[in-house]
Amino acid sequence: MPLTGAEYQRLTQTAPTLDSETDGRWIACDESGYDGEDLLSDGRYLMVAGVAVDDAEAELIVRELRKETHIQPTVRDLKFKHFQRGDRLEKLSRLWQPDGALHSRCSVYVVDKRYGLISKIIDLLVEEEAYKRASTCTWTGGPGSWPEPSPAMADAR
């Protein structure tokens, strides 16, 4: 399935992308799981991914992947769920292996939204005290060896 034409949506670029000496390298990015400020939604993870590939090369990679996995062209957008059965996930993962078409050209950033929420709460509770001390929290003790709170933090209890 070509990545151009009526069946393909372009949100910011109207012409097919192409790596060149003058324009540089194209980076395609996408996100999944964004729920705004609702960090306790059912979708626990936020993912942002980027891949250095222009449309011409991406078209070849997608065409070959569809052929290998028998995913029909009627499936417009390839989603991860399409690769969760049979050996499709293995075939997809080959793209990132050392001899794969996308090796060293992809980045994925995964955020556990609940961890992010707890981190923000701790940041809000501790940041001012840490700022007053002009230091950062670098505790390296093992389990059960939490340092004693400062008098200011003890008063906050």
Side-chain angles (χ1 to χ4, degrees), residues 1 3 8-14 16-19 23-55 57-59 61-62 64-66 68-69 71 75-157:
M1 175 179 198
L3 297 178
Y8 181 65
Q9 286 186 340
R10 278 182 210 283
L11 301 178
T12 58
Q13 179 68 22
T14 57
T17 61
L18 184 62
D19 288 346
D23 293 332
R25 185 82 190 190
W26 281 96
I27 309 293
C29 298
D30 197 10
E31 61 77 28
S32 176
Y34 178 71
D35 294 319
E37 295 181 14
D38 185 3
L39 298 178
L40 294 175
S41 64
D42 289 338
R44 182 170 177 175
Y45 299 99
L46 166 68
M47 289 153 279
V48 179
V51 60
V53 64
D54 63 23
D55 286 349
E57 189 175 6
E59 183 176 345
I61 293 169
V62 170
E64 183 63 27
L65 189 59
R66 283 180 181 277
E68 286 182 27
T69 58
I71 297 175
V75 177
R76 261 186 67 203
D77 293 329
L78 292 179
K79 303 285 185 183
F80 183 75
K81 67 181 179 182
H82 297 122
F83 296 94
Q84 291 181 310
R85 62 178 196 161
D87 64 348
R88 288 178 173 178
L89 191 56
E90 180 185 332
K91 291 176 180 179
L92 176 66
S93 69
R94 285 187 207 148
L95 293 172
W96 294 282
Q97 293 175 2
D99 59 342
L102 299 176
H103 178 67
S104 297
R105 295 168 55 185
C106 299
S107 292
V108 178
Y109 187 67
V110 180
V111 177
D112 181 326
K113 292 190 262 185
R114 293 178 186 154
Y115 177 82
L117 177 63
I118 296 299
S119 297
K120 187 61 177 175
I121 290 170
I122 290 171
D123 186 44
L124 290 171
L125 294 174
V126 176
E127 182 181 8
E128 287 190 35
E129 180 64 22
Y131 179 76
K132 286 178 194 172
R133 293 178 182 206
S135 66
T136 58
C137 182
T138 57
W139 174 74
T140 58
S145 63
W146 286 100
E148 289 297 316
S150 69
M153 293 302 286
D155 292 342
R157 290 184 189 172

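- Counting only distance, with no hydrogens or angles, the side chain of R25 and the backbone of A52 share a donor-acceptor pair below 3.5 Å.
- By the 4.5 Å heavy-atom criterion applied to side chains, L117 and L40 are counted as neighbours.
- Between E64 atom CD and R94 atom CZ the span is 10.5 Å, to the nearest 0.5 Å.
- Between E31 and L46 the shortest side-chain heavy-atom distance falls below 4.5 Å.
- At most 12 non-hydrogen atoms from other residues, nucleotides or ligands lie less than 6.0 angstrom from CG of D42.
- Between L39 and K120 the shortest side-chain heavy-atom distance does not fall below 4.5 Å.
- Rounding to the nearest 0.5 Å places CG of D77 at 5.0 Å from NZ of K79.
- In this structure, the side chain of D54 does not engage the main chain of W26 through any donor-acceptor pair within 3.5 Å.
- Minimum heavy-atom separation, L89 to F80: CD1-CE1, 3.5 Å.
- Counting all heavy atoms, side chain and backbone alike, A58 lies closest to V53 at N-CG2, 3.5 Å.
- A donor-acceptor pair is defined here as one N or O able to donate and one able to accept, closer than 3.5 Å; such a pair exists between the side chain of R66 and the backbone of V75.
- Between D35 and K113 there is a salt bridge, since at least one side-chain N of the basic residue sits less than 4.0 Å from a carboxylate O of the acidic one.
- With hydrogens and angles ignored, the 3.5 Å screen pairs no side-chain donor or acceptor of H103 with any backbone N or O of G100.
- Looking only at distances, no side-chain donor or acceptor of R85 sits under 3.5 Å from a matching main-chain atom of K81.
- With a 6.0 Å radius and a threshold of 12 heavy atoms from other residues, nucleotides or ligands, Q97 has its CD atom above the threshold.
- The side-chain heavy atoms of I71 and R88, taken from C-beta on, include a pair separated by under 4.5 Å.
- Of the inter-residue distances, the one linking E90 atom CD with F83 atom CZ reads 13.0 Å to the nearest 0.5 angstrom.
- Looking only at side-chain heavy atoms (C-beta outward), Y45 and V111 stay at 4.5 Å or farther from each other.
- Expressed to the nearest 0.5 Å, how far OG of S93 lies from CG of L102 amounts to 11.5 Å.
- Checking each of T69, L78, L65, D87 against L92 for a side-chain contact (heavy atoms from CB on, under 4.5 Å) leaves exactly one that passes, namely L65.
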